[in-house]
Amino acid sequence: WQNKSFKPHWRSVEIMTPPAKERTVVQDLGTSRHWPRLLGHVKREWGEHTVVLLWNPGAVEQSISLDFAAAGLDPDRRFAVWSFWDNRFLGVTKGAWTSPLLAPATSQHLRFTDLDRNPNQATLIGSSLHIYCGAAEVANVVSMRDYMKIELTDAGARDGDLFVYSRWPPFLKATAGCTATSVESAGENVWRISL
């Protein structure tokens with residue numbers, strides 16, 4: 001691992017270490033020959049989110065849809081959609097999500113975060129530090145109307161981005177144990193904190 005030839009693979013190992021404790025659910029198990037929807041519900045004292053892998057098992061391009069009710073998400077609530085591999089906020093949706101056209105054997109890896117649970121508080125909606133988007137690398141989040149504190153573990157990558165949904169622009173007050181290099185707009189009411 002210390003050889004320079006392995007350096008391009010270091011981040012891939014970091015984002016998958018350690019494995020998240022959540023179990024992944026195969027939504028289509030027993031109802032379809034193919035399993036295009038894999039999901040994991042993350043529940044912590046500081047918040048909840050759902051990580052979803054939508055993938056195209058077919059031989060031709062196609063979109064894959066996720067029905068929120070079938071996935072165990074409240075279809076009447078608004079959810080922020082954040083893409084892990086794109087490292088970007090894709091928008092807010094309600095009731096369902098449909099991927100863009102996916103080539104055969106390609107996927108969309110997403111985090112869905114309920115925005116209606118605490119509408120007047122900043123909400124963590126994404127993390128590129130670990131493949132489970134906040135399940136392993138986030139120890140705690142404290143969010144009030146005018147204050148947010150995010151505590152990290154040593155899991156996941158050494159650098160990356162956290163995404164926060166907030167109607168009010170955040171500013172960095174302090175860091176400990178890491179360095180925040182920037183806080184910038186990443187969409188309407190969405191802010192990227194680069195670590």
Side-chain angles (χ1 to χ4, degrees), residues 9-25 38-54 66 71 73 78-93 97 99 107-118 121-144 147-195:
H9 307 288
W10 288 352
R11 181 164 172 79
S12 293
V13 172
E14 288 175 350
I15 64 170
M16 294 187 197
T17 307
K21 67 179 183 178
E22 280 69 28
R23 299 183 70 99
T24 300
V25 175
L38 306 171
L39 54 114
H41 297 288
V42 177
K43 296 182 180 190
R44 301 288 186 272
E45 286 185 27
W46 53 263
E48 299 179 8
H49 66 273
T50 299
V51 178
V52 176
L53 180 73
L54 301 176
L66 178 73
L73 301 173
R78 297 174 315 122
F79 286 82
V81 184
W82 180 79
S83 174
F84 180 80
W85 293 120
D86 297 322
N87 194 34
R88 70 185 183 100
F89 170 67
L90 299 181
V92 176
T93 190
W97 175 263
S99 75
S107 64
Q108 193 175 43
H109 185 82
L110 307 170
R111 173 179 160 150
F112 292 88
T113 308
D114 185 345
L115 295 176
D116 293 333
R117 183 175 302 274
N118 297 305
Q121 297 176 359
T123 303
L124 180 68
I125 63 166
S127 168
S128 68
L129 297 172
H130 192 275
I131 194 88
Y132 236 83
C133 310
E137 75 280 24
V138 177
N140 192 29
V141 177
V142 177
S143 186
M144 306 293 186
Y147 171 84
M148 182 176 212
K149 179 179 180 180
I150 301 171
E151 296 177 39
L152 301 174
T153 69
D154 61 353
R158 299 169 199 215
D159 57 45
D161 300 312
L162 299 175
F163 286 74
V164 172
Y165 188 93
S166 174
R167 291 185 283 169
W168 301 277
F171 67 91
L172 185 63
K173 184 175 180 182
T175 62
C178 67
T179 303
T181 57
S182 68
V183 177
E184 58 189 37
S185 176
E188 185 176 354
N189 297 329
V190 176
W191 310 93
R192 177 195 332 246
I193 303 165
S194 296
L195 304 174

- Roughly how far, to the nearest 0.5 Å, is CD1 of I15 from SG of C133? 9.0 Å

- Query: Roughly how far apart are K173 NZ and K149 NZ, rounded to 0.5 Å?
  - Reply: 10.5 Å

- Message: Taking side-chain hydrogen bond (donor to acceptor under 3.5 Å, both in side chains) as the definition, give me every residue that meets it alongside T50, ordered by chain and number, with sequence neighbours left out.
- Response: H41

- Note: H130 and T17 closest approach over all heavy atoms is CD2-O, 3.7 Å

- Task: Mind listing the closest non-hydrogen atom pair of P18 and A136 along with its distance?
- Result: O-CB, 4.3 Å

- Task: Just do the side chain to side chain contact (heavy atoms under 4.5 Å, CB included) check on I131 and H109 with the steps written out, would you?
- Result: CA-CA 9 Å; I131 194 88; H109 185 82; 3.9 Å; yes

- Query: Does T123 reach the main-chain N or O of I125 with its side chain, forming a donor-acceptor pair under 3.5 Å?
  - Reply: no

- Task: Assess whether atom CG of D154 is packed by more than 12 heavy atoms of other residues, nucleotides or ligands within 6.0 Å.
- Result: no

- Task: Mind listing the closest non-hydrogen atom pair of S127 and G134 along with its distance?
- Result: CB-N, 4.1 Å

- Message: Less than 4.5 Å apart, side chain to side chain, heavy atoms only: is that true for V190 and R88?
- Response: no

- Query: Mind checking whether L66 and L39 have side chains closer than 4.5 Å, heavy atoms only?
  - Reply: yes

- Pairs in or reaching into residues 167-195: which pass ring-ring contact (aromatic ring centres under 6.0 Å, His included), with residues at least two apart or in two chains? none

- Item | Set of residues satisfying ring-ring contact (aromatic ring centres under 6.0 Å, His included) with respect to F89, sequence neighbours excluded | none

- Does a donor on one side chain and an acceptor on the other come within less than 3.5 Å for W46 and E151? no

- Message: Quick check for you: to the nearest 0.5 Å, what is the distance between L152 atom CG and L129 atom CG?
- Response: 6.5 Å

- NE2 (H49) and NZ (K43) are apart, to the nearest 0.5 Å, by 12.0 Å

- Task: Quick one: closest heavy-atom pair of E137 and A155, and the distance?
- Result: CB-O, 3.5 Å

- Query: Only one of T181, L162, T175 forms a side-chain contact (heavy atoms from CB on, under 4.5 Å) with L195, so which one is it?
  - Reply: L162

- Query: Take atom CZ in R158; do more than 12 heavy atoms of anything else shown fall under 6.0 Å from it?
  - Reply: no

- Start with the C-alpha gap between F84 and V51, add the side-chain angles, then the distance that decides, and say whether side chain to side chain contact (heavy atoms under 4.5 Å, CB included) holds. CA-CA 9 Å; F84 180 80; V51 178; over 6 Å; no

- Message: Using side chain to side chain contact (heavy atoms under 4.5 Å, CB included), reason through Y132 and T24 one step at a time and then give a plain yes or no.
- Response: CA-CA 10 Å; Y132 236 83; T24 300; 3.2 Å; yes

- Roughly how far apart are I193 CD1 and M148 CE, rounded to 0.5 Å? 7.0 Å

- Item | Check: R11 side chain, D159 main-chain N or O, donor-acceptor pair, under 3.5 Å | yes

- Query: Does a donor on one side chain sit under 3.5 Å from an acceptor on the other, for T113 and R111?
  - Reply: yes

- In Å, rounded to the nearest 0.5 Å, how long is the span from OG of S128 to CG of N87? 4.5 Å

- Relative to each other, are the rings of F112 and F79 parallel, tilted or perpendicular (30° and 60° limits)? perpendicular

- Query: What pair of heavy atoms forms the shortest contact from S182 to E184, and how long is it?
  - Reply: OG-OE1, 3.8 Å

- Note on the structure: Closest non-hydrogen atoms of R192 and S194, given as atom of the first, atom of the second and distance, are CD-OG, 3.6 Å

